[in-house]
Amino acid sequence: MRTKLILSILAVSLSLTGCLKDVNPSDALNTGTLTGTVNGLKQALNGAYALFKDHVSFNGTTDGNNMYLRQYFQMSDFAGDDIVCGQTTTDPLYYSFSLDHTATQTNSRYFWYISYKIINDVNTVIESAEKIQNPSEDVRQLIGECYFLRAFCHFNLVRFYARPYTQNPDAPGVILRTAVSDPSQKARATVREVYASVVADAIKGAELMNQPRGVQFASKEAAWALLSRAYLYKETNDSTVYYADKVISSGRFTLETAASFPQLFANATAGKETIFCVALTAADDYGKAGSIASMLYSDGNSGWGEEFASQSLRDTMAAHMEDVRWSYIVPLKDGGGTVQKKNGIEIYYISKFSFQGGSPTLSSPIMFRLAEMYLNKAEALAKAGDAGGALDNVDMVRQNRGLQGALYNRQVPAGKTALDVVLKERRIELAFEGHRNFDVYRNKRELNRRYWGYHLPGLKESDINLAAQPAGYANMTVQPDASRVIYFIPIDEVQTNKLCEQNP
């Protein structure tokens, strides 16, 4: 029945729009247009970086809602349990909250399109640069950055559109595009094959990059961080620890302290623990129309005021109000100090994407940072049976977040496992940064969304009783093997590439 419904939706969509617009990656950048000089290659590569933050025309239109980063955080965090939706909406972001995905939803279609456009552009730079005889370290750095970006984009695609590696590495993954000459008609690689490509590209990138250009660009440490994350998702524990340790011991980064952590995300490019971020400037401040922050924060006019920190996350953090990570959860209170509500849902804004240069709608989103490396290492050690080592790494983070008096000191709490402790810490530390639902499902755990919010189908404001948990609604729990923990392959791909298999 569901398959028939989806096919009906697709048929209607196609009949309304006529033939599909060309949504293949732009070929404006090609080996013929590159000069082969360092400056020419650098300009081309910088253009690829810009695609993470630009509003690129898609399907014949330019939409302020369409941005790689905006879709990345929508499609990850809105499908988890850290952010609650304060209303129903026709915005495509609601598909992530409701898990009622379709192959035609614009946010997913755009994310797929722009990801492959970035991949196409870096492939073009690689093929041009690798023709240079005896390349300088500057050129090798640029080639290495391209390999990192290709690995990063393929990795994010396989996370969104394919089953977790730990569930079935031989399941259909995504389409690997590693050369400009790749045919448009190409089948999906397996999850295992995609991960192998990601690992190979990241290793090659790390070997090439020896002239770091700043945290707004890829570096060997960023490639090691990606390797640590990818191996964590594969549950290759020794390699996870190995690459996390390489980042930690590089000497380039230190954990922010309890005093400095509340300023990290507003000052990402200068942050002590930032490994790689996408740098936005004042010229990139999209305001209410198309920023990430406008979804999550509002000063009364700067955002839409529809998505908030969930009751579930706040309950998880409630035992330690001295935790400085609370600084990124901002309650909207009236003059009497009462937290205000929207459609019955308490308003706790999220400010991790705000206040760069004082602007409520500007930040430079951090994609890799040092705290994650400690937590990657902690999870791998917990799975390898080293509970004490796992908790030591958790405590490294906690002692820098105002919790010196609440360290585990190698003692696993009663009734818990070391892995329970690590996953809880990951949830708190990495909240709103695009990790949570991947952490849950790759560990084959149930996602508990039993809290009030409009992810619950049919919810009316009059139903809400914040003193009790909701009952009797669908979507309150999501099993790790549920179909819609991943997204449909966008219609543009399956209609134009007959070799591309759709997700069930």
Side-chain angles (χ1 to χ4, degrees), residues 25 111-112 115-116 118-123 125-127 130 143-209 218-247 276 367-368 372-373 376-377 379-380 383-384 435 438-439 441-444 485-487 489 493 497 499-501 503:
F111 186 82
W112 180 275
S115 295
Y116 281 109
I118 295 168
I119 291 168
N120 182 77
D121 282 5
V122 297
N123 282 341
V125 177
I126 289 171
E127 293 187 16
E130 289 186 339
I143 297 172
E145 290 181 31
C146 288
Y147 277 105
F148 167 84
L149 291 180
R150 189 168 77 186
F152 181 62
C153 287
H154 277 136
F155 182 64
N156 290 336
L157 284 165
V158 80
R159 291 196 294 166
F160 281 121
Y161 297 99
R163 305 305 306 183
Y165 190 101
T166 50
Q167 291 186 16
N168 183 5
D170 295 315
V174 293
I175 300 166
L176 281 174
R177 300 212 173 269
T178 55
V180 174
S181 59
D182 277 358
S184 59
Q185 300 293 307
K186 191 173 184 181
R188 297 166 68 178
T190 66
V191 171
R192 189 192 306 274
E193 290 168 336
V194 176
Y195 271 76
S197 179
V198 167
V199 166
D201 277 353
I203 289 174
K204 186 165 185 176
E207 291 171 349
L208 289 166
M209 291 185 282
S219 63
K220 67 168 60 267
E221 292 83 8
W224 292 338
L226 175 56
L227 285 163
S228 178
R229 187 184 293 179
Y231 278 121
L232 180 74
Y233 279 50
K234 290 181 64 178
E235 291 192 337
T236 308
N237 298 321
D238 54 350
S239 295
T240 301
V241 172
Y242 174 78
Y243 283 106
D245 275 340
K246 285 180 75 70
V247 178
F276 174 62
M367 311 311 289
F368 294 93
E372 184 199 345
M373 297 301 101
N376 288 357
K377 186 177 175 182
E379 183 174 335
K383 290 176 176 176
H435 296 268
F438 300 124
D439 286 354
Y441 299 136
R442 65 182 171 78
N443 280 292
K444 301 177 183 176
V485 303
I486 61 174
Y487 289 82
I489 303 297
E493 187 68 50
N497 176 7
L499 297 180
C500 182
E501 174 187 352
N503 287 325

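Note: hydrogens, waters and symmetry copies are ignored here, and every other heavy atom, side chains too, is used.
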Distance-minimising heavy-atom pair for [X] and [Y]:
| X | Y | answer |
| --- | --- | --- |
| S228 | Y243 | N-CB, 3.8 Å |
| F276 | A222 | CB-CB, 4.1 Å |
| P172 | E501 | CG-OE1, 3.7 Å |
| T166 | R442 | OG1-O, 2.6 Å |
| V194 | A189 | CG2-CB, 4.0 Å |
| M373 | A244 | O-CB, 3.5 Å |

Would you say [X] and [Y] make side-chain contact, with heavy atoms under 4.5 Å?
| X | Y | answer |
| --- | --- | --- |
| L157 | I119 | yes |
| F368 | W224 | no |
| C500 | I489 | yes |
| I175 | N497 | yes |
| E379 | T240 | no |
| Y147 | D201 | yes |
| V247 | K377 | no |
| R177 | N120 | no |

[Y] backbone acceptor or donor facing [X] side chain under 3.5 Å:
| X | Y | value |
| --- | --- | --- |
| K234 | Y165 | no |
| E193 | T190 | yes |
| E127 | V180 | yes |

Output the distance between atom [atom1] ([X]) and atom [atom2] ([Y]), rounded to the nearest 0.5 Å.
| X | Y | atom1 | atom2 | value |
| --- | --- | --- | --- | --- |
| F148 | C153 | CZ | SG | 9.0 Å |
| N376 | L232 | CG | CG | 5.0 Å |
| H154 | N156 | NE2 | CG | 11.0 Å |
| K204 | I143 | NZ | CD1 | 8.0 Å |
| E221 | L226 | CD | CG | 13.5 Å |
| S115 | L149 | OG | CG | 11.5 Å |

Exercise for review: Go through the steps to decide whether V174 and Y116 satisfy the test side-chain contact (heavy atoms from CB on, under 4.5 Å), and finish with yes or no.
Suggested key: CA-CA 11 Å; V174 293; Y116 281 109; 3.7 Å; yes
Query raised in the report: How about F155 and Y233: are their ring centres within less than 6.0 Å of each other?
Result: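 Here the rings of Y233 and F155 have centres that are less than 6.0 Å from each other.
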Suppose we call two aromatic rings close when their centres sit under 6.0 Å apart. Are Y231 and Y242 close by that rule? no
request  = Evaluate the side-chain contact (heavy atoms from CB on, under 4.5 Å) criterion for residues N168 and V191: first the C-alpha distance (whole Å), next the side-chain angles of each, then the deciding distance (0.1 Å), finally the verdict.
outcome  = CA-CA 8 Å; N168 183 5; V191 171; over 6 Å; no
Residues passing the side chain to side chain contact (heavy atoms under 4.5 Å, CB included) test with A200, sequence neighbours excluded, are none
Quick note, salt bridge (charged side-chain N to carboxylate O under 4.0 Å, His left out) partners involving residues 155-170, not counting sequence neighbours, are D170-R192
#### Entry: Residue pair S197, T178: steps toward the side-chain contact (heavy atoms from CB on, under 4.5 Å) verdict
CA-CA 9 Å; S197 179; T178 55; 4.0 Å; yes
Output, in order, the C-alpha distance, side-chain angles, deciding distance and verdict of side-chain contact (heavy atoms from CB on, under 4.5 Å) for M367 and R229. CA-CA 11 Å; M367 311 311 289; R229 187 184 293 179; 5.6 Å; no
May I ask you to check whether R150 and N123 show a side-chain donor-acceptor distance below 3.5 Å? yes
- Parallel, tilted or perpendicular, as decided by the 30° and 60° cut-offs, for the rings of Y487 and F160: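 Correct class here is perpendicular.
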